[in-house]
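Heads up: the structure comes next, in structure tokens.
Just so you know, residue 1 is the first one in the sequence shown, and it goes up from there.
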Amino acid sequence: MATGRIERWHEAGLIDAETRDRLIAYEKEHSRPIALWAVFGIGALAIGLGLVSLVAANWEEVPGNVRLALHLALIAGALAALWLREDRLAAASPWVVEALVFIAAVLGLTFFGHLGQVYQTSAPLWEPLAIWLLMFAPLMLLTGRAWPVAALLVGGAIYCAWEYNFAFGELARRRDGEDAPWAFLALVTALPVLFAPLGAFLRSRSTREAFWRRLEQAALAYAVAGASIMTALASVGAFESGAGPLNPASQLVRAAIIIVAGALVAWGRQGVSGRMSGAILALAGLIVAVVSGANGIELLAALLFMALWAGIAAAALIAGWRGVFQLCVGVIALRLIVLSFELASDLLLSGFGLIVSGLLILGIAWGAWRVSRRFAPDEAGKAP
């Protein structure tokens, strides 16, 4: 495949014959037997699935204490390997360390479920998640190398925060006349966004730049996704005017945390990229603050959604994030298509309406393609 691409480059006049020959020779010398590796992978997968099947078939026959001891031994083995061999493993490949950290953290997470199964305990899900974060978040922050551990850490924090929110919300509904502290719960659900300034501050001050960058990106994605979901909830009239998890006061708390996180990102990571990342967070916070005013108004909610993604596209233009800009164009085009369906749902019941909708979809797709081709920045740097 690479050889064919190199030949096309030569035919297009991008490289001369000598460069073509050297590139082809290099590719042949460093080519990998992908098919052979695929066979090895299939064999290893079959062995792994067989072991899992054997354990699952005899799971109930193994005493609970023995299972827990084996589980703890696996965690201890992974931690011991990190403690004793981290530097040597990192020198060989950072991905080996990343895999060990990820496996140790996942084993720790599943241990609490295993513990509950053996001893038949019951507790709100947020409690074991919170204990897991207290025990394993320091390990992930101190030794993480890439996106798997960053995603696991941020994802676990988000899951724990929302489980806590749902648990207390349900408890409040069961108590006659007593309401939950919705503003405090909103604060809890917004706290994972603070991983963004942590990652922004440390990514240029640490040898593990990739991990901190991914941590910042994961938190930024959480803020943008949250603001986008809020506009969708506003479109269907899900916000409450009084008490409730989506009341205006709770939204202001969430917005304040996101805006503060944006300011800290811009302060912690100097330069165009840092300022644009901070601006995106601030814009997401602003959308969260005002979105309850569009409750039940489909057009206004859609405009807020498109304003958010248009702002991200503008930041991408300034920072040179080509992929982010193209993503924004696609998202806005998709929202325009959905909006056309929402505003003209009656027309879709007729053949003429379907034809018009199809033409509209094609027009939006063509316009998005033209905008992306015309205005997408050169790949000046990495994504935020």
Same hydrophobic cluster for [X] and [Y], using side-chain heavy-atom links shorter than 4.5 Å among ILVMFWY?
| X | Y | answer |
| --- | --- | --- |
| L283 | L300 | no |
| V253 | I259 | no |
| F305 | I297 | no |
| V106 | V96 | yes |
| L142 | M140 | no |

Residue pairs passing the side-chain hydrogen bond (donor to acceptor under 3.5 Å, both in side chains) test where at least one lies in residues 226-235, sequence neighbours excluded: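 Qualifying pairs: S228-W309.
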side-chain hydrogen bond (donor to acceptor under 3.5 Å, both in side chains) pairs, two or more places apart, involving residues 101-110: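 As it turns out, the side-chain hydrogen bond (donor to acceptor under 3.5 Å, both in side chains) pairs with a partner in residues 101-110, which skip direct neighbours, are H71-T110.
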Note, [X] side chain near [Y] side chain (heavy atom, < 4.5 Å):
| X | Y | result |
| --- | --- | --- |
| C160 | E163 | no |
| V224 | I280 | yes |
| Q217 | W147 | no |
| R269 | S277 | yes |
| L215 | V149 | no |
| W321 | S273 | yes |

Residues two or more places apart in sequence or in another chain: which of them pass side chain to side chain donor-acceptor pair (under 3.5 Å) with [X]?
| X | value |
| --- | --- |
| W162 | Y222 |
| Q251 | R254 |
| S204 | none |

Is there a donor-acceptor pair closer than 3.5 Å between any side-chain N or O of [X] and the backbone N or O of [Y]?
| X | Y | value |
| --- | --- | --- |
| E98 | A146 | yes |
| W132 | A105 | yes |
| R214 | P148 | no |
| E209 | S206 | no |

Heavy-atom neighbours of R88 CZ exceed 12 at 6.0 Å: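 Open.
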Indicate the atoms forming the closest heavy-atom contact of [X] with [Y], along with that distance.
| X | Y | result |
| --- | --- | --- |
| E216 | A200 | OE1-CA, 3.5 Å |
| T143 | V101 | OG1-CG2, 3.2 Å |
| V193 | A219 | O-CB, 3.7 Å |
| P197 | L264 | CB-CB, 3.5 Å |
| V272 | A319 | CG1-CA, 3.9 Å |
| A137 | L153 | CB-CD1, 3.8 Å |

Point-to-point distance, once rounded to the nearest 0.5 Å, from [atom1] of [X] to [atom2] of [Y]:
| X | Y | atom1 | atom2 | answer |
| --- | --- | --- | --- | --- |
| L336 | M306 | CG | CE | 4.5 Å |
| L70 | I75 | CG | CD1 | 11.5 Å |
| L152 | F136 | CG | CZ | 10.5 Å |
| L317 | M276 | CG | CE | 11.0 Å |
| I158 | T189 | CD1 | OG1 | 10.5 Å |

Apart from [X] itself, which Ile, Leu, Val, Met, Phe, Trp or Tyr residues share its cluster (side-chain heavy atoms under 4.5 Å, direct or through members)?
| X | value |
| --- | --- |
| L134 | none |
| L252 | none |
| W83 | L84 |
| V236 | none |

For A282, side-chain contact (heavy atoms from CB on, under 4.5 Å) partners two or more places apart: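 A282: no side-chain contact (heavy atoms from CB on, under 4.5 Å) contacts found.
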Derivation of the side-chain contact (heavy atoms from CB on, under 4.5 Å) call for R22 and T19: CA-CA 5 Å; R22 285 191 284 113; T19 304; 3.6 Å; yes
Salt bridge (Lys or Arg N to Asp or Glu O under 4.0 Å) against R145, all qualifying residues, sequence neighbours excluded: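 Residues passing salt bridge (Lys or Arg N to Asp or Glu O under 4.0 Å) with R145: E86.
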Residues F325, I312; criterion side-chain contact (heavy atoms from CB on, under 4.5 Å); working and verdict: CA-CA 8 Å; F325 178 83; I312 298 173; over 6 Å; no
With sequence neighbours excluded, residues passing ring pair (Phe, Tyr, Trp, His ring centres under 6.0 Å) with F112: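 Expected list: none.
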Pair L191-L194, side-chain contact (heavy atoms from CB on, under 4.5 Å): steps then yes or no: CA-CA 6 Å; L191 285 179; L194 295 179; 3.8 Å; yes
Between S250 and W182, a side-chain donor and acceptor under 3.5 Å: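 Absent: no donor and acceptor within the cut-off.
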Sole candidate of L107, L139, L100 that passes side-chain contact (heavy atoms from CB on, under 4.5 Å) when paired with L79: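 Among the candidates, only L139 passes.
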side-chain contact (heavy atoms from CB on, under 4.5 Å) between W212 and L141, intermediate numbers included: CA-CA 9 Å; W212 298 112; L141 289 171; 3.9 Å; yes
Within 45° cone and under 6.0 Å: R205 NZ/CZ vs F201 ring: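 Judged by the rule (NZ or CZ under 6.0 Å from the ring centre, within 45° of its axis), R205 counts as positioned above F201.
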